[in-house]
There are 2 protein chains.
Amino acid sequence: MTQSREEDRRGRSAAAAIVDAAFRLFNEFGYDETSVDDIAAAAGVSRSSFFRLFGSKEMVIFPDHDAILAAVEERLAASTEKSAILAVSDAVRVVLFHYIAEGPLARRRYQLTSTVPALRERELISGSRYQQLFRQYISAWGDGSEESERRGELMAAGVVAAHNRVLRRWLREECEDPHLEIDEAMAQVNALFTPAPVPAPVAPGAIVVVRTDQDLAAVAEQLRSM
Amino acid sequence: MTQSREEDRRGRSAAAAIVDAAFRLFNEFGYDETSVDDIAAAAGVSRSSFFRLFGSKEMVIFPDHDAILAAVEERLAASTEKSAILAVSDAVRVVLFHYIAEGPLARRRYQLTSTVPALRERELISGSRYQQLFRQYISAWGDGSEESERRGELMAAGVVAAHNRVLRRWLREECEDPHLEIDEAMAQVNALFTPAPVPAPVAPGAIVVVRTDQDLAAVAEQLRSM
DNA sequence: CAATGGATGATACTCAGTTTCATGACCGAG
DNA sequence: CTCGGTCATGAAACTGAGTATCATCCATTG
């Protein structure tokens with residue numbers, strides 16, 4: 001476990017210095033106006049080290065997406081069809097509260113991603129990787145039918161959309177209680193997807209009585225289309 | 001209406017020549033291995049003209065996203081809350097059948113986007129613009145409540161996911177009849193989102209009889225949670 | 001014919017990202 | 001202590017995308 005001498009001397013890693021310098025310069029001069037050389041110089045490292053540590057200019061902003069993705073996968077993998085809904089809800093919370101735990105840093109990042117198209121796009125890409133992961137697991141829990149696959153795809157999209165909405169509201173400080181809102185949002189998603197959407201075996205002629213919030217016209221329309 | 005002399009002479013626009021050359025070179029040598037200079041040279045135009053016409057290397061692959069987006073917006077704008085579901089279904093079909101009408105070209109593009117990360121990402125970006133557009137209109141049709149906004153976001157995500165699934169299946173030639181599949185997929189989305197997801201005014205104590213495919217245990221569970 | 005304007009091409013520039021090589025600190029073995 | 005190896009860093013050159021500038025050419029118009 002050999003830490004760099006610079007790190008020992010200054011008490012922080014070169015990576016942290018780079019991130020600091022990057023956010024500061026982006027804030028002051030703008031993303032496009034700040035070159036990698038500027039960042040490296042301000043952080044007291046070489047251009048080479050910058051790319052060795054972060055791979056690209058965009059990645060200074062999004063440090064640990066891979067780690068979060070791994071955490072999500074871990075949570076989803078530790079589940080079966082039985083506990084699927086719970087697993088999905090938990091996994092979403094893993095992501096959400098990771099960002100919330102970042103606090104002001106997450107908000108500074110949001111300010112950048114709202115402003116700079118390239119960064120917004122980068123964020124979209126990572127979001128789609130979450131969606132892909134969710135889809136993969138949700139699909140695996142279903143039978144292989146096309147309708148079930150579609151359900152997996154729709155639900156994954158819904159889960160990510162719900163998460164994004166709550167996160168974005170929190171980032172914009174429009175959200176009092178993220179715990180409450182993510183609970184509500186996930187409840188809404190679950191309500192959408194838990195009632196069996198697929199015609200499944202049932203005794204023909206069976207009659208079931210349920211309460212509904214729809215008015216009579218809507219109910220009549222549904223009955224007619226059956 | 002002055003067409004270029006090259007165009008007159010060769011009977012095709014410089015843009016078409018560039019697209020042809022690009023796809024051919026990408027196929028033969030790969031996307032990353034083909035430089036813009038190579039494409040321009042093969043198409044018999046200058047590097048300058050390439051960027052003037054397409055703006056970026058990626059845009060040779062995705063020519064008319066803006067046009068499709070405008071068509072979608074037009075279809076959505078020509079609608080009210082009453083015909084909302086129909087408008088959304090129609091708008092989705094506009095996109096889907098535009099790609100299907102491209103035929104082999106769409107499949108060549110798919111082969112590239114499956115292979116080259118940068119292009120897959122670019123495609124994702126444009127997909128998110130559709131989603132954003134759908135969300136905007138669907139949200140406008142609801143009341144302004146947070147739950148209604150979430151519903152708009154979820155439904156937009158679902159609509160785009162459903163479209164993407166059908167398109168991808170068609171591109172992979174896994175899809176016999178795209179008309180049928182998009183009908184099914186949109187029916188699934190509509191089934192998900194048309195039953196009022198929000199507790200709404202209804203005469204207390206009203207009883208409605210509907211047929212369901214759920215088994216008794218599931219129904220009992222639903223009743224218990226009401 | 002001369003003037004104008006729009007499209008094209010040539011050139012030079014910035015900057016992100018890659019590759020290669022040199023340096024220098026640390027560590028274990030002799 | 002010294003040699004040899006490894007690893008982190010830095011320096012420098014290179015490729016290629018995208019931008020900006022300027023000259024040119026050709027068709028139209030007066």
Side-chain angles (χ1 to χ4, degrees), chain A residues 1-19 21-23 25-26 28-63 112-113 116-123 125, chain B residues 1-19 21-23 25-26 28-63 112 116-122 125:
Chain A
M1 165 73 67
T2 298
Q3 290 195 322
S4 95
R5 22 240 152 270
E6 294 297 316
E7 184 172 342
D8 288 343
R9 184 161 57 77
R10 296 190 306 199
R12 62 175 184 174
S13 72
I18 291 175
V19 170
F23 271 92
L25 293 175
F26 290 162
E28 186 167 3
F29 302 105
Y31 181 80
D32 290 326
E33 288 68 28
T34 304
S35 73
V36 171
D37 294 87
D38 296 337
I39 302 172
V45 299
S46 73
R47 199 180 126 81
S48 303
S49 291
F50 178 94
F51 283 108
R52 204 171 292 126
L53 284 168
F54 292 95
S56 82
K57 187 181 173 186
E58 292 167 351
M59 279 310 148
V60 188
I61 314 291
F62 310 104
L112 284 174
T113 55
V116 184
L119 296 179
R120 185 199 295 276
E121 293 171 2
R122 176 56 47 197
E123 203 173 37
I125 307 299
Chain B
M1 165 74 65
T2 298
Q3 288 194 323
S4 96
R5 26 248 149 263
E6 294 296 317
E7 185 172 344
D8 289 342
R9 184 162 58 77
R10 295 189 307 196
R12 61 174 186 178
S13 70
I18 291 175
V19 171
F23 271 93
L25 293 175
F26 291 163
E28 186 167 4
F29 302 106
Y31 181 80
D32 290 325
E33 288 69 27
T34 304
S35 75
V36 171
D37 294 270
D38 296 337
I39 302 172
V45 298
S46 73
R47 200 180 124 84
S48 302
S49 291
F50 178 95
F51 282 109
R52 218 186 321 265
L53 285 167
F54 292 95
S56 82
K57 186 180 174 186
E58 292 167 351
M59 279 311 148
V60 188
I61 313 292
F62 309 105
L112 284 173
V116 184
L119 296 180
R120 184 199 297 275
E121 292 171 2
R122 176 56 49 195
I125 307 300

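Each chain gets a letter, A, B and so on, in the order its sequence line appears, and its residues count up from 1. Not measured: the values here are computed from a predicted model. These values consider heavy atoms only, across backbone and side chains, with no hydrogens, waters or symmetry-generated copies.
Here the CG-CZ distance, from B/L112 to B/R122, works out to 15.0 Å after rounding to the nearest 0.5 Å. From B/Y31, atom OH reaches atom CD of B/E58 across 4.5 Å, with rounding to the nearest 0.5 Å.
Put simply, NZ on B/K57 is 11 Å from C1' on D/dT15, counting in whole angstrom units. Computed from coordinates, the A/R52 CZ to D/dT9 C1' distance equals 6 Å when rounded to whole Å. Rounded to an integer number of Å, the gap from B/D38 CG to D/dA17 C1' is 13 Å. We find that CG of A/L119 is positioned 12 Å from P of C/dA16, with the value rounded to whole Å. If you measure from atom CD1 of A/I39 to atom P of D/dG10, you get 15 Å, rounded to the nearest angstrom. Here D/dT19 presents its C1' atom at 14 Å from CD of A/E33, a figure rounded to the nearest Å. The interatomic distance linking A/I18 (CD1) with D/dT9 (C1') rounds to 11 Å, in whole Å. Look at CE on A/M59: it is 14 Å from C1' on C/dA16, rounded to the nearest Å.
Listed pair B/S49 / C/dT8 fails the phosphate criterion, with no side-chain N or O lying under 4.0 Å from OP1 or OP2. The side chain of B/S46 places an N or O atom within less than 4.0 Å of a non-bridging phosphate oxygen (OP1 or OP2) of C/dG9.
Mapped onto DNA chain C by nearest heavy atom, A/D37 and A/S48 fall at different nucleotides, with A/D37 at the one closer to the 5' end.
When each of C/dG17, C/dA10, D/dT19 is scored by its nearest atom to the side-chain atoms of B/F51, the top-ranked nucleotide is D/dT19. The side chain of B/S35 approaches D/dA17 more closely than any other nucleotide in the set C/dT18, D/dA17, D/dA20. Comparing D/dT19, D/dG10, C/dG17 against the side chain of B/R47 picks out D/dT19 as the nearest.
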- Evaluate side-chain contact (heavy atoms from CB on, under 4.5 Å) for A/I125 paired with B/I125, printing each intermediate quantity in order. CA-CA 8 Å; A/I125 307 299; B/I125 307 300; 3.9 Å; yes

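For the pair A/K57 and A/F26, the cation-pi criterion (under 6.0 Å, within 45° of the ring axis) is not fulfilled.
B/D37 is linked by a salt bridge (Lys or Arg N to Asp or Glu O under 4.0 Å) to B/R47, counting only residues two or more places apart in sequence or in another chain.
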